[in-house]
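Below you'll find the structure, written out as structure tokens, and then a few comments.
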Amino acid sequence: MARIAFIGLGNMGRPMASNLAKADHDIRGFDAVAAAREAARKDGAEIADDLAAAVAEAEAVITMLPAGKHVREVYEGDGGVFESVKQGTLCIDCSTIDIDSARAVAATAARAGFAMVDAPVSGGVAAASAASLTFMVGGPKPAYQRAAPILAGMGKTTIHVGDAGAGQAAKICNNMLLGISMIGTCEAFNLAKKLGLDPQKFFDVASKASGQCWSLTSYCPVPGPVPASPANRGYAPGFAAAMMLKDLRLAQTAAHGAGAATPLGAEAQALYALFDSMGGGGKDFSAIFEMIEGSSGAAK
Ligand code: NAD
């Protein structure tokens, strides 16, 4: 089992680090916020008071941070990971960040002689707690082969999708599809209700017909048909609408850079930005159903 430094002990990082400890890895954690360090200490984790101390003896460093600027600061900044770790340390960034930042940090790692992969996750806090995340991994194959057994302690599926940044590319394409399909599912339920259909009856049909998709059958945005979905608990996240907006923005930035037409991705971003501006950012992303239903009277 490996000595692993885990940096970023927030909603996702804390249960991920805890699962690695349960898988018999030797974990030393760090978070910039004292309250997050204390919470992780209560899980029984060994927590360092600064980044350099957390990573000094590590064979692998895992980061789970909010955005690209945090990832660049933690790896490339003064006293950061690349200045503080032993030669040969494997670096695994599990954050969801922009592809350019992921590639830039990977290039710095390669110049400094460190193996690195980007390994963003699919699955929210529940999957992080249950060690059932899906990892999509970008980076050199030997680095992937070293990372895979570690990632197995936090997830069920690990897929090597390509070179540095490819994990982030897969993640934002998937989440753009998810944002679009969730809005489509909400519109279909709203129209069904307006046309006098019982939501359960519409679900019974669509879940067995060509409209079937994950947003419908696993994460249904109306209360009732899928008991485990956030719609049945007041749309508590789950996966927050603000997080979905972040990922849709990353997708639009990437689409502009790549010259890819994503008109529905752009519309999904605009709708989630509107929902966020109306105060919905902290709710589960399926709560956009409430906005669509509420604006129905105005739509002609
Ligand atoms: P979070 O805000 O709860 O946790 C991030 C943690 O990083 C915080 O505790 C913060 O204090 C810490 N941090 C920030 N800068 C730091 C620094 N310089 N050094 C050390 N620690 C620092 O966020 P989260 O929900 O855990 O998400 C983390 C990442 O996972 C994000 O990139 C997010 O997009 C992605 N993600 C989240 C979910 C989800 O459902 N929450 C699902 C999939 C992917």
Side-chain angles (χ1 to χ4, degrees), residues 5-19 28-41 43 45 47-55 61-84 91-99 101-102 105 118-137 151 154-155 157 167-168 170-176 178-179 182 219 230 235-251 253 272 281-287:
F6 204 112
I7 314 302
L9 301 164
N11 293 323
M12 295 291 287
R14 185 177 161 193
M16 290 165 72
S18 171
N19 283 328
R28 185 172 286 191
F30 174 70
D31 193 287
V33 172
R37 295 199 294 274
E38 279 318 305
R41 269 194 190 105
D43 293 345
I47 303 297
D49 284 323
D50 64 64
L51 176 63
V55 304
V61 175
I62 300 177
T63 41
M64 194 54 167
L65 299 163
K69 65 177 181 183
H70 307 98
V71 171
R72 295 204 68 164
E73 178 194 319
V74 163
Y75 282 100
E76 298 173 321
D78 288 343
V81 171
F82 294 145
E83 280 186 11
S84 308
C91 300
I92 304 173
D93 180 37
C94 292
S95 326
T96 301
I97 66 170
D98 61 286
I99 297 168
S101 294
V105 177
D118 50 291
V121 307
S122 179
V125 175
S129 301
S132 62
L133 293 165
T134 295
F135 292 92
M136 41 217 106
V137 186
L151 298 176
M154 303 181 284
T157 307
Q168 300 296 349
K171 167 75 183 176
I172 60 173
C173 291
N174 179 74
N175 278 24
M176 183 182 77
L178 175 62
M182 178 53 76
Y219 218 81
Y235 295 103
F239 182 53
M243 289 278 190
M244 174 53 83
L245 177 57
K246 171 193 159 182
D247 292 355
L248 289 167
R249 285 181 170 144
L250 290 174
T253 303
Y272 273 102
K283 292 186 177 184
D284 187 77
F285 81 111
S286 59

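Counting convention: from 1, in listed order, for ligands and their atoms alike.
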Nearest protein heavy-atom contact for atom 13 (N) of ligand 1: which residue, which atom, what distance?
L65 CD2, 3.6 Å
Atoms in ligand 1 with a heavy atom of S95 nearer than 4.0 Å:
32 (O)
For ligand 1, the portion of L51 having any non-hydrogen atom under 4.0 Å away:
neither
Is R41 salt-bridged to D49, cutoff N-O under 4.0 Å?
yes
Between K69 and S101, is the side chain to side chain contact (heavy atoms under 4.5 Å, CB included) condition met? List the steps.
CA-CA 8 Å; K69 65 177 181 183; S101 294; over 6 Å; no
If you measure from each non-hydrogen atom of K171 to ligand 1, which part falls under 4.0 Å: side chain, backbone, both or neither?
side chain
Output the list of atoms in ligand 1 that are nearer than 4.0 Å to some heavy atom of G8, sorted by atom number.
7 (O)
In Å, rounded to the nearest 0.5 Å, how long is the span from OG1 of T63 to CZ of F6?
8.0 Å
Pick from P237, G123, A242, A32: the one approaching atom 20 (C) of ligand 1 most closely through a non-hydrogen atom
A32
Do V74 and L65 have side chains that approach each other closer than 4.5 Å (heavy atoms only, starting at C-beta)?
yes
Note: heavy atom closest to atom 9 (O) of ligand 1, options D31, N175, N11, belongs to D31
Going by salt bridge (charged side-chain N to carboxylate O under 4.0 Å, His left out), name the pairs with one or both residues in residues 118-130, residues two or more places apart or in two chains.
none
Which ligand 1 atoms does I7 reach within 4.0 Å, using its non-hydrogen atoms?
20 (C)
Which ligand 1 atoms does V33 reach within 4.0 Å, using its non-hydrogen atoms?
11 (O)
If hydrogens are left out, which of H70, R72, E73 has an atom nearest to atom 18 (N) of ligand 1, that is, the closest non-hydrogen atom?
E73
So F285 and F239, would you call those rings parallel, tilted or perpendicular, with 30° and 60° as cut-offs?
perpendicular
Side chain proximity check, M64 to V121, heavy atoms < 4.5 angstrom
yes
Under 3.5 Å, is there a donor-acceptor pair between the side chain of D31 and the main chain of L9?
yes
Proximal ligand 1 atoms for V121, defined as those under 4.0 Å from one of its heavy atoms:
43 (C), 44 (C)
Among side-chain atoms of Y75 and D93, is any donor-acceptor pair under 3.5 angstrom?
no
Side chains of R28 and I47: closer than 4.5 Å at any heavy-atom pair?
no
Please check whether T96 reaches ligand 1 - meaning an N/O of the residue sits under 3.5 Å from an N/O of the ligand, judged on distance alone.
yes
Can you list the ligand 1 atoms lying under 4.0 Å from a non-hydrogen atom of V74?
17 (C), 18 (N), 19 (N)
Counting non-hydrogen protein atoms only, what is the nearest one to atom 30 (O) of ligand 1? Give residue, atom name and distance.
M64 CE, 3.1 Å
Looking at ligand 1, would K246 count as a contact under a 4.0 Å heavy-atom criterion?
yes
Below 4.0 angstrom from a heavy atom of F239, which ligand 1 atoms are there? Numbered from 1 as shown, please.
40 (O)
Test log, rule side chain to side chain contact (heavy atoms under 4.5 Å, CB included), inputs Q168 and T96:
CA-CA 7 Å; Q168 300 296 349; T96 301; 4.2 Å; yes
How far is atom 25 (O) of ligand 1 from its nearest protein heavy atom, and which residue and atom is that?
M243 CE, 3.3 Å
Against heavy atoms of G10, which atoms of ligand 1 measure under 4.0 Å?
3 (O), 4 (O), 6 (C), 9 (O), 26 (O)
May I ask you to check if ligand 1 and M12 share an N or O to N or O distance below 3.5 Å?
yes
Can you find a heavy atom in the side chain of R37 that is under 4.5 Å from one in the side chain of V33?
no
So for ligand 1, is P66 a polar contact partner (N or O within less than 3.5 Å, distance only)?
yes
